[in-house]
Amino acid sequence: MEPGNEKQLNFIEQIIVEDLESGRVQEVITRFPPEPNGYLHIGHAKSICLNFGLAESFKGKCNLRFDDTNPEKEEEHYMQAIKEDVGWLGFQWAQLCYASDYFEQFYRWAVELVTAGLAYVDRQSPEEIRQTRGTLTEPGENSPFRNRSVEENLDLLEKMRKGEFDEGECVLRAKIDMSHPNINMRDPVMYRILKKAHYRTGNHWCMYPMYDFAHGYEDAIEGITHSICTLEFADHRPLYDWFLDNVHVPSRPRQYEFARLNLSYTVMSKRLLLGLIQEGIVNGWDDPRMPTIQGLRRRGYTPSSIRRFCGEIGVAKSNSMVDYELLEHTIREELNTTAQRVMVVLRPLKVVIENYPEGREELIEYQNNPEDPSMGTRMVPFSREIYIEQDDFREDPPKKFFRLAPGKEVRLKHAYYLTCREIIKDTSGNIVELRCEYDPQSRGGETADGRKVRGTLHWVSAPHAVNVEVRLYDKLFTLKNMSEMEEGKSYHDYLNPNSLEVLRGSLAEPVLKEAKPFDRFQFLRQGYYTVDYESTQDTPIFNRIVALKDTWAKIQSKGLGNR
RNA sequence: UGGGGCGUGGCCAAGCGGUAAGGCAAGGGACUUUGGAUCCCUGACUCGGAGGUUCGAAUCCUCCCGCCCCAGCCA
């Protein structure tokens with residue numbers, strides 16, 4: 001942290017400042033320790049931004065460490081995806097580490113604990129261990145194997161390592177206190193036998209360390225000064241400390257807990273996320289509706305907007321539920337200044353400008369971004385037949401409707417004023433075309449007489465229009481707090497049926513034919529969109545990142561009933 | 001009825017004994033060639049509740065209430 005920085009510090013930053021001032025630590029070293037058993041989501045992003053951010057602002061270091069102590073769940077491809085996601089978010093780790101690289105050292109510490117009489121091999125079955133653990137209000141019972149001699153335990157531990165026991169036959173346990181009020185301290189398991197190949201160590205080991213036994217040691221090996229985890233691990237801190245305090249470790253890290261992120265209208269649990277995929281409700285981990293980093297990326301979110309969001313939500317210890325509107329706000333704010341404005345008619349309505357010469361076409365100079373004049377202008381073709389948005393015309397307009405209606409005049413962005421003269425309907429009464437008239441004197445979008453035209457519409461020249469597919473995404477669930485589902489219901493009962501709407505008849509101005517995957521645009525008056533990677537030259541595909549704020553929609557919904 | 005954590009406006013969140021920051025959302029207005037953006041303005045007479053200490057308390061003490069987490073050979 002810069003000296004003299006007046007910024008308010010979160011509680012972890014305050015602790016770090018104190019630690020630096022007291023000399024407890026010389027340099028801040030943190031770590032982001034994912035288990036490679038799934039994809040990262042926005043909740044992980046909070047932790048990533050916290051850990052890497054702390055290292056950045058205190059000029060320290062942050063490691064990316066795979067906490068890969070369970071071969072049953074972990075896979076190489078998850079590890080690769082996590083590395084990519086952390087890098088995409090814009091962070092560089094000081095070291096790339098793997099808990100599995102420390103297995104030998106863990107074993108030595110286990111031997112040290114056994115030798116000190118602080119660990120023992122328990123031959124009880126998993127069921128017996130569970131039954132003798134006691135309950136929240138009753139103490140547990142000592143294992144009948146608790147008082148073996150050190151020699152016997154050492155021998156048994158070696159046999160465990162050599163594979164002389166089957167899975168479930170025995171475990172190594174810390175000898176702490178079976179009547180401890182904190183259940184985690186009731187002789188926790190340190191090693192279990194798992195005759196499974198590990199994605200990195202192969203078949204070298206047939207027993208694997210448990211989280212509580214391993215985690216503090218991983219931190220100690222790497223010299224982590226501040227080991228940050230989520231609230232549910234607060235109960236484990238006494239254990240974290242116990243393991244570190246009872247052997248000789250190279251450094252003494254401290255654990256701190258913060259509240260994990262919850263976002264409204266979505267879920268963060270790997271299990272539920274996986275369920276959505278397996279049931280075909282979404283199309284994979286990178287479906288733009290998913291709160292995964294890959295989903296957000298495909299949706300069009302930028303790394304900087306996600307980092308901004310993580311900075312906005314703060315770091316504290318109270319369980320919280322952040323409004324998804326805040327996430328939307330951060331991407332809107334960024335894209336407002338960086339996204340090129342283009343015109344795309346989502347649901348086209350044909351307009352023929354009767355007094356515009358047939359066969360004539362011209363190029364209209366169009367501002368790429370009014371927020372940033374340095375982005376320049378481009379030329380957009382205009383002609384006698386254009387398309388406008390169906391929603392921009394009402395045969396019988398309500399009050400305060402500034403758009404097109406019979407006899408009403410509007411402005412076509414950067415082009416001309418347009419007045420509706422005639423409506424053409426099909427046999428079933430649907431409006432299929434508008435016959436309009438333009439004012440040749442209004443080129444560019446204004447006239448010498450200075451008359452006011454309230455509505456400005458986006459448009460696309462019919463002969464030049466490019467057919468595009470547009471995917472409109474919305475929130476996945478209808479329940480704000482998904483942890484408050486009604487008794488007996490599942491997330492299936494709260495799925496938003498409109499989380500994806502695909503539009504295939506949308507028409508865009510020619511420049512969009514050149515758009516590349518992950519390019520981001522503002523479709524004028526509508527929202528921000530990005531090019532999906534399934535996009536092709538023939539049919540460009542756009543994902544809606546977020547809609548623009550829609551004051552008109554708000555007015556309408558409020559005035560519902562009084563027209 | 002064990003242990004741990006947390007309760008500040010609708011949602012986050014500062015505040016660390018001196019008289020309630022900020023952001024999002026909401027409402028009102030100005031401006032506008034995006035009903036976008038921008039710009040103003042409004043909102044906790046009060047900090048879960050009740051007592052107490054103090055000249056002074058969201059901040060200290062006591063009691064009470066509420067919510068979350070823990071009984072994997074998961075992390």
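To find a chain, count down the sequence lines: A is the first, B the second, and so on, and within it residues start at 1. Quick caveat, the model's predicted, so the values are computed rather than measured.
K549(A) has a side-chain polar atom (N or O) that falls below the 4.0 Å cut-off from OP1 or OP2 of A37(B). In this model, the phosphate group of A75(B) is approached by a side-chain N or O of T69(A) to a distance below 4.0 Å at OP1 or OP2. At least one side-chain nitrogen or oxygen of H329(A) sits closer than 4.0 Å to the OP1 or OP2 atom of C24(B). One finds no side-chain N or O of T330(A) lying less than 4.0 angstrom from the OP1 or OP2 phosphate oxygen of C24(B). Between S320(A) and the phosphate of C11(B), there is no side-chain N or O to OP1/OP2 separation shorter than 4.0 Å.
Here U32(B) presents its P atom at 13 Å from CZ of F402(A), a figure rounded to the nearest Å. Whole-Å rounding puts the I331(A) CD1 to C24(B) C1' distance at 16 Å. The nearest whole Å value for the distance from the CZ atom in F233(A) to the P atom in G5(B) is 17 Å. Put simply, CG on L326(A) is 17 Å from P on G10(B), counting in whole angstrom units. Spacing between atom CG of N336(A) and atom P of C24(B) amounts to 13 Å, rounded to whole angstrom units. Distance D235(A) CG to A71(B) P: 9 Å, rounded to the nearest Å. Nucleotide G36(B) holds its C1' atom 13 Å from the OH atom of Y529(A), rounded to whole Å. Residue M178(A) contributes atom CE, which lies 15 Å from atom C1' of G3(B) at whole-angstrom precision.
Using a 90° window around 0 for the glycosidic torsion, G18(B) falls outside it and is classed as anti. Base orientation of C12(B): anti, since the glycosidic angle falls outside 90° of 0.
Below the 3.5 angstrom threshold, one finds a donor paired with an acceptor across the side chain of Q14(A) and the base of C16(B). For R525(A) against U33(B), a side-chain-to-base donor-acceptor contact under 3.5 Å is absent. The base of G15(B) is not paired with the side chain of Q8(A) by any donor and acceptor separated by under 3.5 Å. Remark: the R403(A) side chain and the G35(B) base include a donor-acceptor N/O pair separated by less than 3.5 Å. On a pure distance criterion of 3.5 Å, no polar donor-acceptor pair joins the side chain of Q526(A) and the base of U34(B).
Nearest to the side chain of T137(A), among U1(B), C6(B), C74(B), sits U1(B). Candidate nucleotides G3(B), A37(B), C74(B) were compared by shortest atom distance to the side chain of N70(A), and C74(B) ranks first. Ranking U33(B), C73(B), A71(B) by closeness to the I183(A) side chain, first place goes to A71(B). The E325(A) side chain lies nearest to A25(B) when the options are A14(B), A25(B), U34(B). If you check A75(B), U33(B), G5(B) against the side chain of D67(A), the one that comes closest is A75(B). Taking every side-chain heavy atom of R192(A) into account, C74(B) is the closest of C74(B), G10(B), A37(B). Here the side chain of Q522(A) is nearest to one of C12(B), A75(B), U34(B), namely U34(B).
Using P as the reference atom, C47(B) and U59(B) are 9 Å apart when rounded to the nearest Å. For the P atom pair drawn from C12(B) and A57(B), the interatomic distance equals 28 Å after rounding to whole Å. Across U19(B) and G23(B), the matching C1' atoms stand 24 Å from one another, rounded to whole Å. When the C1' atom is compared between U46(B) and G15(B), the two are found 14 Å apart, to the nearest whole Å. Spacing of P atoms, A25(B) relative to C64(B), comes out at 42 Å, to the nearest Å. Rounded to whole Å, the C1' atom of U8(B) lies 8 Å from the corresponding atom of A20(B). Look at the P atom in both C60(B) and A14(B): the space between them is 16 Å, to the nearest Å. Rounded to whole Å, the separation between the P atoms of A30(B) and G36(B) comes to 13 Å.
Contacts of P370(A) with the nucleic acid, taken as non-hydrogen atoms under 4.0 Å apart, include base atoms. As judged by a 4.0 angstrom heavy-atom cut-off over every strand, F401(A) is placed among the base-contacting residues. Within 4.0 Å (heavy atoms only), P188(A) reaches no atom of the nucleic acid at all. Across all strands, E312(A) comes closer than 4.0 Å only to sugar-phosphate atoms, never to a base (heavy-atom distances). Among the atoms of the strands shown, only primed sugar atoms or phosphate atoms (P, OP1, OP2) are found under 4.0 Å from some heavy atom of V315(A). Using a 4.0 Å heavy-atom distance criterion, E371(A) is classed as a base contact. At the heavy-atom level, R133(A) lies under 4.0 Å from the strands shown only through sugar-phosphate atoms. Residue contacts shown for V322(A) are limited to sugar-phosphate atoms, with no base heavy atom under 4.0 Å away. Among the atoms of the strands shown, base atoms are found under 4.0 Å from some heavy atom of I129(A).
Across all strands shown, G2(B) forms a Watson-Crick or G-U wobble pair, both distances under 3.5 Å, with C70(B). Pair check for A50(B) finds U62(B); Watson-Crick or G-U wobble, both atom distances under 3.5 Å. Shown here, G43(B) forms no base pair; nothing in the strands shown gives a Watson-Crick or G-U wobble contact with both key distances under 3.5 Å.
Considering F66(A), Y199(A), F103(A) in turn, F66(A) is the only one that fulfils the ring-ring contact (aromatic ring centres under 6.0 Å, His included) rule with Y98(A).
You'll find the ring centres of Y191(A) and F106(A) outside the 6.0 Å limit. A distance below 6.0 Å separates the ring centres of Y324(A) and Y265(A).
The line from CG of L296(A) to OG of S305(A) is 8.0 Å long, rounded to the nearest 0.5 Å.
A donor atom on one side chain and an acceptor atom on the other are not found under 3.5 Å apart for E365(A) and H414(A). Between the side chains of N63(A) and E222(A), a donor-acceptor pair is found at a separation under 3.5 Å. With hydrogens and angles left out, the side-chain atoms of S227(A) and R31(A) include a donor and acceptor closer than 3.5 Å.
In this structure, the side chain of K159(A) does not engage the main chain of F165(A) through any donor-acceptor pair within 3.5 Å.
In summary, R341(A) and D372(A) do not engage in a salt bridge, as defined by a charged side-chain N under 4.0 Å from a carboxylate O.
Here Y211(A) does not count as stacked on A75(B), because the ring centres are not under 5.5 angstrom apart with planes under 30°.
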